[in-house]
Every structure is written in C-alpha cells, then in structure tokens.
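These notes are about the structure you will find just below.
All of these numbers come straight from a predicted model, not from anything done at the bench.
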There are 2 protein chains.
Amino acid sequence: MELVRIYECLCDVTRLRLLNVLAQGPVCVCHFQEVLGEPQVKISKHLAYLRERGLVESERQGNWVIYELATKPSRELKVNLACLQDCARENRVFKRDLARLKQIEASCAWVRAGEPAKASGQCRGG
Amino acid sequence: MELVRIYECLCDVTRLRLLNVLAQGPVCVCHFQEVLGEPQVKISKHLAYLRERGLVESERQGNWVIYELATKPSRELKVNLACLQDCARENRVFKRDLARLKQIEASCAWVRAGEPAKASGQCRGG
DNA sequence: TGATCGTATTCCTTTGCCGGAATACGCTTC
DNA sequence: GAAGCGTATTCCGGCAAAGGAATACGATCA
C-alpha cells in the first residue's frame, strides 16, 4: 500500500523537518544543515530516503544540489503533506526552522541581487 | 515530538486497517480477526501498540474486549485520522474491510435484537 | 592536474519492529 | 474447581532503520 510508504517517511523528526522546510520552496543541502543544525551525513541520508520514495526530487547545480517537493505528487501524498503543514503551523520546532530559513535566505538575497553566487561562495538554493 | 509517535502508528498496513474499521465505531477483537483475516496474535499486538500510544482505548466486557478510537484525541491525532479517512475512501483494501464489517454486524444484529449475546455465543462489540 | 568544496555512499553498531509459536491470563459456564 | 473461550504476553528470529566515522564522488577553481 502506497499510503504506508508515505507514513514511513513521516515517522522521523528529521524528515518531518526537511519536508516542512521544503514546503516553503526549493532548498539546497547546505541550507538544510544550517537550518536543522544537523550533521551533513544525517541530512543527506534522510533526503536520499525521501527521494527513493518519491516525496522529493533533486537537481544538481554545480557543486550544489537543490531539493524540492515532488512536482507530481499523488493525491495521497498531497493530502498528507497538507495535513503535515496544518500540524506544523503550531509547532515550536517547525516554526523555529522556518525562522532560521528566512534568516539564511535573507543573507543570501543581497548576494543574488549583486554578485553571482559563484563569486561569493554562496549557494543559491532557496 | 508527538506527531512522530502518531506517524509511527500509521506506518503499518494492519494498523491502518484497524483504525479504518474503528472509525465506524467500537469493535471487539474477534470481529477484527474476521474482518482483516489475520491471526489473533497479530491483531492483539497491533491493538496493544495503538493503545500504548493513545490512539485507541479498550474495555473488557466479560470474555470480550471492545476497542474504540481515543475518546479525547489531540488536535494532531484528530487531523491525521481525518486525513486517513480521506485516503481510505478510495482504497480497495479499506473498502473491502468495511464491507466485511457490515456483513458481520448484520449477522449480529438479529442476535442483539433477540437473545442476549451470551446465550448465542456471539460477542456484541460493534 | 591537483586542491578544494559540497554532497553521496559505504561500513559498522545499536535499536526497534514484525511475525509466528507457545503460553499465560481473565472470565464464564458446567 | 475444572474446562473452555477470548485475549494478552513472552520468547524467539529476521529484517530494516538510525546514527556516526570514514571515504568516495562530481564539479569548480587555481
């Protein structure tokens, strides 16, 4: 049953946090590390887990890899991600992550507006 | 995070089927066995799993034990059970289970209407 | 071409879950 | 109180997942 595969993805805090962040839009791996404050291996492995099960997709941009939510989600996936968003709205951890994400994206904004990302050593995911 | 505990309950087919059946109302263990067509141990253990995590409650009635959904569910639990119901509506397995449940309950109805359950050797859960 | 950066993978250990067989428990009936 | 019924628990074996350390990979830069 596909539904079970979806729930299997949702029964880990790290993955829930990743999905919550991704709900805001595409993000690169290095940003995940900063936002979640978790080691690279952990982030990378959980993203791989989500990718194998079709919840997220990835695209390489030079050195960086950008992740985003599935572009063609099944109905079940869509419904459950919406449900997760509903629950995340009132949760400390999720809200803190989004706050951090905004900070990081803000400090990237002037980079994107000015010099290209390469020159400044900043990635552009998000 | 409580949300994870909920999702852990949802990432097993048997438990999803149990919850789907319970959404119709209280049910006793022996009915679960008939509806799901699974061995007693399996049913009992998954129900215990759900009970430990507060998704269901149980009550003994003579030889039989009746299970029902949590009477005071958290907001997160309520939302997710509703979401599950949404998904279950279009799923073969879930629909088949409910059909079997109706059959069983129908064959119990005349029992409940007439002789007491004890006399006929039928349980009354559901 | 070699160094460096961001990301992925492998190896390993620990932990938890799933399923079945056997058995124990609580309750009713005779 | 012993037998019978419905349910729960224990004791396995197998398997998958999680986390960290080390390492490999792909791309860029000097």
A:Glu57 side chain to A:Thr71 side chain, donor-acceptor N/O pair below 3.5 angstrom: yes
Strictly by modelled atom types, are B:Ser74 and B:Glu2 linked by a side-chain donor-acceptor pair under 3.5 Å? yes
Separation of [X] atom [atom1] from [N] atom [atom2], in whole Å?
| X | N | atom1 | atom2 | result |
| --- | --- | --- | --- | --- |
| A:Tyr7 | C:dC17 | OH | P | 19 Å |
| A:Phe32 | C:dA8 | CZ | P | 11 Å |
| B:Leu18 | D:dA8 | CG | P | 12 Å |
| B:Leu10 | C:dC17 | CG | P | 14 Å |
| B:Lys45 | C:dT23 | NZ | P | 16 Å |
| B:Trp64 | D:dA8 | CH2 | P | 14 Å |
| A:Gln33 | C:dG6 | CD | C1' | 8 Å |
| B:Leu47 | D:dA8 | CG | P | 7 Å |

How do A:Glu38 and A:Gly62 order along DNA chain D: which one's closest nucleotide is nearer the 5' end? A:Glu38
Residue whose closest nucleotide on DNA chain D lies nearer the 5' end, A:Gln40 versus A:Arg5: A:Arg5
Nucleotide of [options] approaching [X] most closely (side-chain heavy atoms):
| X | options | value |
| --- | --- | --- |
| A:Asn63 | C:dG6, D:dG6, C:dC18 | C:dG6 |
| B:Val29 | C:dT28, C:dC17, D:dA8 | D:dA8 |
| B:Arg15 | D:dA18, C:dT7, C:dC18 | C:dC18 |

Do A:Glu8 and D:dA17 have a side chain to base donor-acceptor pair shorter than 3.5 Å? no
I'd like to know if B:Lys42 reaches the base of C:dG20 with its side chain such that a donor and an acceptor end up less than 3.5 angstrom apart. no
Of all heavy-atom pairs between A:Trp64 and A:Cys28, which one has the smallest distance, and what is that distance? CD1-SG, 4.4 Å
Of all heavy-atom pairs between B:Val29 and B:Tyr67, which one has the smallest distance, and what is that distance? CG2-CE1, 3.6 Å
Base, sugar-phosphate or nothing for A:Val41? Non-hydrogen atoms, less than 4.0 Å. base
What does A:Arg53 touch in the nucleic acid at a heavy-atom separation under 4.0 angstrom: a base, only the sugar-phosphate, or nothing? sugar-phosphate
Hey, is the side chain of [X] poking within less than 4.0 Å of OP1 or OP2 on [N], counting only N and O atoms?
| X | N | value |
| --- | --- | --- |
| B:Tyr67 | D:dA8 | yes |
| B:His46 | C:dG19 | yes |
| A:Arg51 | C:dT7 | no |

Presence of salt bridge, A:Lys42 and A:Asp12, under 4.0 angstrom: no
Please determine which of B:Leu50, B:Val27, B:Val13, B:Val35 meets the side chain to side chain contact (heavy atoms under 4.5 Å, CB included) test together with B:Leu18. B:Leu50
Along DNA chain C (nearest heavy atom to each residue), the more 5'-positioned of A:Arg60 and A:Ala48: A:Arg60
